[in-house]
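One structure below.
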2 protein chains.
Amino acid sequence: MADDRTYWPDELFADLDRTGPVPLYFQVSSRLDAAIRGGTIPPGARLDNEISIAARLGLSRPTVRRAIQELVDKGLLVRRRGIGTQVVQGQVTRPVELSSLYEDLENTGHSPGTVVLEHAVIAADDALAERLGVDVGADVVRIRRQRSTDGVPVAVLENILPGEFADITAEQLETAGLYQVLRGRGVAIRIAKQKIGARRAHGDEAELLGIERGHPVLTVERIAFDNAGRVVEVGHHCYRPDMYSFETTLVAK
Amino acid sequence: MADDRTYWPDELFADLDRTGPVPLYFQVSSRLDAAIRGGTIPPGARLDNEISIAARLGLSRPTVRRAIQELVDKGLLVRRRGIGTQVVQGQVTRPVELSSLYEDLENTGHSPGTVVLEHAVIAADDALAERLGVDVGADVVRIRRQRSTDGVPVAVLENILPGEFADITAEQLETAGLYQVLRGRGVAIRIAKQKIGARRAHGDEAELLGIERGHPVLTVERIAFDNAGRVVEVGHHCYRPDMYSFETTLVAK
DNA sequence: CTTGTGATATTGTCAGGACATAGTCACGGG
DNA sequence: CCCGTGACTATGTCCTGACAATATCACAAG
């Protein structure tokens with residue numbers, strides 16, 4: 001390989017803030033992340049060894065190790081014992097994260113649009129009560145939205161929330177993602193479990209997505225939990241497959 | 001909540017092996033994992049604090065922390081500063097892992113079957129050469145398989161590998177997953193990037209999957225890299241959506 | 001009754017050191 | 001020319017110790 005030197009742009013790490021609330025390992029890992037994604041450190045490049053990095057940054061080895069580990073978990077770096085740490089070959093992609101579609105679109109430079117199709121308080125049936133962790137017949141909020149990007153419909157999103165969120169307004173939902181609205185109310189989503197599948201478009205989905213009836217849609221069923229392990233949201237989404245897909249990076253342990 | 005005591009079945013951790021090659025943190029985390037999945041430690045239960053766990057197991061706090069962190073990353077545990085560590089509520093699901101469909105099926109107790117549809121050495125065209133990281137026109141191996149479980153077709157898998165794997169036999173592929181075969185040759189897959197989408201079945205896929213033409217299939221495009229960052233495999237798979245879906249657990253950082 | 005304050009519990013972050021393990025590579029023996 | 005061996009390098013694992021940040025709870029002040 002032509003590129004066999006070690007890369008470590010010290011200048012990127014000159015002004016670490018030891019007093020602020022941002023952990024040192026996070027400062028290092030996020031700058032390193034940017035340097036890799038920005039091409040400052042090219043694919044295949046070898047990093048300096050952990051000990052000398054730690055010495056030059058004035059940090060301990062565990063701190064440097066933790067920063068590097070973050071990027072290994074993201075699939076940006078690969079470690080090999082006895083060899084060193086390398087930037088992975090191949091282009092870097094955006095992984096599936098615990099963020100809403102709205103934020104995904106915003107981050108990729110598109111202008112998301114939302115139409116609230118339904119916004120009602122209903123009584124939970126058996127299946128719903130089970131999944132949401134509420135009593136059968138309890139009030140729950142059902143929200144159905146059409147999401148588009150640059151004027152083209154992308155997804156139909158159906159979300160069901162516990163009754164305490166009945167006061168979320170349609171206006172809030174049209175100017176921000178659901179998760180943003182929830183965060184604004186102090187609800188932090190910690191864990192989500194989702195199942196990705198496919199099926200034929202049925203009901204009014206085809207029309208809302210601008211495709212033909214019976215054509216494929218990509219579906220996601222999601223259950224989101226907050227810090228305390230309570231169910232915050234149950235989602236039932238379908239996406240137009242030519243406009244959206246899920247990317248993941250898998251790292252062997 | 002009725003269940004507010006702290007759970008920590010000391011007896012599960014009585015015989016940790018300090019001499020063998022298995023790291024202590026891994027021994028702890030895997031037993032804890034089993035205890036949670038097996039129901040010995042129920043959902044919502046609080047764990048003892050890290051310091052006393054460490055003291056009772058005769059380990060240091062970082063080691064215990066690392067064991068717990070493994071399970072937090074898997075979405076089995078939730079930590080809260082000032083509060084403690086809890087088992088998550090809700091049933092535990094199997095995440096998308098860096099394993100092949102064959103192993104997934106085996107692990108869930110089904111009997112996978114494979115029919116090798118094609119197994120040929122071809123010349124790489126531009127797009128393929130780019131993705132595999134080989135020269136245009138170089139020999140590559142194309143493998144196309146039909147995978148079924150309990151006699152029902154589940155997926156059509158097309159994989160393309162560098163020419164050095166030309167000697168993999170159809171027989172090997174019919175009795176094991178591709179990744180198992182590669183591991184047997186000393187090739188360890190470290191990172192894979194994949195895109196999950198949906199489209200209509202075309203070509204002979206409908207027939208091979210036992211569905212109607214034009215009906216939806218769930219698709220995956222995967223590129224897998226080895227330790228050194230070389231591309232080991234490019235996959236182009238489609239699944240019967242009523243037989244297969246992808247489950248993921250997302251954890252906020 | 002409400003509010004603020006301080007004590008307590010628990011995880012989060014960081015330091016520094018020690019030894020184990022697994023690659024690489026040069027060198028020498030066959 | 002091939003092969004084993006040992007030096008060297010770098011990550012992997014584990015320890016001890018310390019302080020910071022945050023949530024809970026009891027209790028006193030208003």
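In what follows, every heavy atom counts, from backbone to side chain, and hydrogens, waters and symmetry copies are set aside. Letters A, B, ... are given to chains in the order of the sequence lines, protein chains preceding strands, and every chain is numbered from 1.
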Check whether any side-chain N or O of [X] sits under 3.5 Å from a backbone N or O of [Y] as a donor-acceptor pair, and report yes or no.
X       : Y       : value
E50(A)  : V64(A)  : no
E233(B) : N159(B) : no
E70(B)  : F26(B)  : no
H119(A) : I168(A) : yes
R66(B)  : S29(B)  : no
E247(A) : K195(B) : no

Spacing between [X] atom [atom1] and [N] atom [atom2], to the nearest angstrom:
X      : N       : atom1 : atom2 : value
R65(B) : dA15(C) : CZ    : P     : 15 Å
R79(A) : dT21(C) : CZ    : P     : 18 Å
Q86(B) : dT10(C) : CD    : C1'   : 13 Å
I68(B) : dT10(C) : CD1   : C1'   : 11 Å
L71(B) : dT11(C) : CG    : C1'   : 16 Å
E50(A) : dG16(C) : CD    : P     : 16 Å
R61(B) : dG12(C) : CZ    : P     : 8 Å

- Before accepting this row, confirm whether a basic side-chain N of the pair E164(A)/R185(A) lies closer than 4.0 Å to the acidic partner's carboxylate O.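 Salt bridge: no.
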- Task: Check whether any side-chain heavy atom of P42(B) sits under 4.5 Å from a side-chain heavy atom of V87(B), and report yes or no.
- Result: no
- Message: Need two values: the first and the last nucleotide of DNA chain D, 5' to 3', having an atom under 4.0 Å from any heavy-atom of chain A.
- Response: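 So the contact region on DNA chain D extends dT9(D) to dT13(D).
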- Message: If you take any heavy atom closer than 4.0 Å to DNA chain D, which residues from residues 19-35 of chain A end up in contact?
- Response: none
- Task: Quick one: do L59(B) and R18(B) satisfy side chain to side chain contact (heavy atoms under 4.5 Å, CB included)? Show the steps, please.
- Result: CA-CA 11 Å; L59(B) 299 173; R18(B) 295 186 92 91; 3.7 Å; yes
- Message: Please determine whether any donor N or O and acceptor N or O are separated by less than 3.5 Å between the side chain of R66(A) and the base of dG12(C).
- Response: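 No, no donor-acceptor pair under 3.5 Å.
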- Query: Between dT10(C) and T85(B), is there an OP1 or OP2 to side-chain N/O distance shorter than 4.0 Å?
  - Reply: no
- Item | Residue-level proximity of residues 52-60 of chain A to DNA chain C when a heavy atom falls under 4.0 Å | G58(A), L59(A), S60(A)
Pair up each side-chain donor or acceptor in residues 133-142 of chain A with any protein partner under 3.5 Å, not counting sequence neighbours, and list the distances.
| residue | atom | partner | partner atom | Å |
| --- | --- | --- | --- | --- |
| R142(A) | NE | E118(A) | OE2 | 3.0 |
| R142(A) | NH2 | E118(A) | OE2 | 3.0 |

- Item | T85(B): partners by side chain to side chain donor-acceptor pair (under 3.5 Å), with sequence neighbours left out | none
- Tell me which of R80(A) and T63(A) sits closer to the 5' end of DNA chain C, going by the nucleotide each one is nearest to. T63(A)
Table of protein N/O atoms under 3.5 Å from nucleotides 6-9 of chain C N/O atoms:
none

- Message: Is it the case that atom CZ in R230(B) sees more than 12 heavy atoms from other parts of the structure closer than 6.0 Å?
- Response: no
